[in-house]
Amino acid sequence: MHDDSGLSRRMFLRAGVLGAVALAGGRPLAAAPTLVPPDLAGPDDEMTDAVRTMLARRFGSRPIRPGHVQLDIPVDAPDGRLVPVILDIDLPPTPESYVSAYHLIVDHNPDVYVAGFHLTPACSGGFVETRIKMRRTSYVRAIAEMNTGELWSAAVKVFVGLNGCG
Amino acid sequence: MGEPRSGVAVTFTIPGAPLSEGGERVGEGKVLIPGQIARDSIIDVRALLSHPMDTGFFRDADGKPIPAFFVNAVTVSYGVEEVARFEWTSGISRDPYVSFPLVATREAPIRVVWKDNAGGVYEQTATVKFA
């Protein structure tokens, strides 16, 4: 009886150690995705279907190329209710070529199209600044639409603490 | 709001419009421009409106859903010319703020009109005067 309990305790302890080893061995695998640097690919890096649908509806098959537009937004936003954004372009404004609109998209917001800023040549030569809400960690995309029809884009992954959208 | 720095507040509060938390007034607008403006310089126009910008997804302390109530259209005119138009959703933060550039080519009022999804219309004006 006494022996049995000792044996079972030893077995129990051994099982416990094995279990701990198994857990220790298993945990790094499970935790690995959070250790991947944010600039590497993850499940959130793909555009969501909502974003694709919105882009197709708004821009059709027009090519959207990365570059020229500057999206200035904090990478770490503890409060999703208030995330400051600055939109700018590095192309010099001319009467023939100016930004006719900035479009602001957040992949994982309830409404992915957050805002559109339609401008005229009278508004050339500066930046647009505003403050947006974000539901959770997500890509924020800016698209600058030129009067010539060219579309330039930029994307930043923003890590959000508090849900600002509900 | 204090004394207006530029322009005069023209505020419309629609009857029955839900008040934001704390019962503060909805729709007090400010349009701020630099005090000294040189002709043909690029100025920053800053427009701020007091508005709850409710998304419709939150609930109040009693568990009742707070209906969506947000500014969805903003127009900016400079004199008689419309120079900018913003389409917004509830994804813009409460008390929506926007700053945009404007080439000050003439002395004329800058008029910003905000419209919300409940039919509220709020406007504010600042006048460009060259030093």
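Every chain is numbered from 1 and lettered A, B, ... according to where its sequence line falls, protein lines coming before strand lines. Quantities reported herein were computed from a predicted structural model and do not represent experimental measurements.
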| Greatest number of heavy atom pairs closer than 4.5 Å to chain A - which of B:Leu102, B:Val83, B:Val98, B:Ile42 | B:Val83

Are [X] and [Y] in one and the same hydrophobic cluster, where Ile, Leu, Val, Met, Phe, Trp and Tyr link if side-chain heavy atoms are under 4.5 Å apart?
X        : Y        : value
A:Ile73  : A:Leu82  : no
A:Ile86  : A:Ile132 : no
A:Phe127 : B:Leu48  : no
B:Phe130 : B:Ile43  : yes
B:Val103 : A:Ile89  : no

| note | Note: B:Ala84 and A:Leu119 closest approach over all heavy atoms is CB-CD2, 4.0 Å

Taking 3.5 Å as the threshold, show me the donor-acceptor pairs across chain A and chain B, one per line with distances to 0.1 Å.
from: A:Arg58; atom 1: NH1; to: B:Glu87; atom 2: OE2; distance (Å): 3.2
from: A:Arg58; atom 1: NH2; to: B:Glu87; atom 2: OE1; distance (Å): 3.3
from: A:Arg81; atom 1: O; to: B:Ser93; atom 2: OG; distance (Å): 2.8
from: A:Val114; atom 1: O; to: B:Thr89; atom 2: N; distance (Å): 3.2
from: A:Val114; atom 1: O; to: B:Thr89; atom 2: OG1; distance (Å): 2.9
from: A:Gly116; atom 1: N; to: B:Glu87; atom 2: O; distance (Å): 2.8
from: A:Gly116; atom 1: O; to: B:Glu87; atom 2: N; distance (Å): 2.8
from: A:His118; atom 1: N; to: B:Arg85; atom 2: O; distance (Å): 2.6
from: A:His118; atom 1: O; to: B:Arg85; atom 2: N; distance (Å): 2.8
from: A:His118; atom 1: NE2; to: B:Glu87; atom 2: OE2; distance (Å): 2.6
from: A:Thr120; atom 1: N; to: B:Val83; atom 2: O; distance (Å): 3.3
from: A:Thr120; atom 1: OG1; to: B:Val83; atom 2: O; distance (Å): 2.8
from: A:Ala122; atom 1: O; to: B:Val103; atom 2: N; distance (Å): 2.8
from: A:Glu129; atom 1: N; to: B:Ser99; atom 2: O; distance (Å): 2.9
from: A:Glu129; atom 1: O; to: B:Ser99; atom 2: N; distance (Å): 2.8
from: A:Thr130; atom 1: OG1; to: B:Tyr97; atom 2: O; distance (Å): 2.6
from: A:Arg131; atom 1: O; to: B:Ser93; atom 2: N; distance (Å): 3.0
from: A:Arg131; atom 1: O; to: B:Ser93; atom 2: OG; distance (Å): 3.3
from: A:Arg131; atom 1: NH2; to: B:Asp95; atom 2: O; distance (Å): 3.3
from: A:Ile132; atom 1: N; to: B:Ser93; atom 2: OG; distance (Å): 3.4
from: A:Ile132; atom 1: O; to: B:Ser93; atom 2: OG; distance (Å): 3.0
from: A:Lys133; atom 1: N; to: B:Gly91; atom 2: O; distance (Å): 2.7
from: A:Lys133; atom 1: NZ; to: B:Met53; atom 2: O; distance (Å): 2.4
from: A:Lys133; atom 1: NZ; to: B:Ser90; atom 2: O; distance (Å): 2.9
from: A:Cys165; atom 1: O; to: B:Thr55; atom 2: OG1; distance (Å): 2.9

| query | Who else is in the cluster with A:Leu162 when I, L, V, M, F, W and Y are joined by side-chain contacts under 4.5 Å? | reply | none

| query | Hey, which of A:Ala115, A:Cys123, A:Gly126, A:Pro110 has the most heavy atom pairs under 4.5 Å with chain B? | reply | A:Cys123

| said: At a 4.5 Å cut-off on heavy atoms, which part of A:Val83 comes close to chain B: side chain, backbone, both, or neither? | reply: backbone

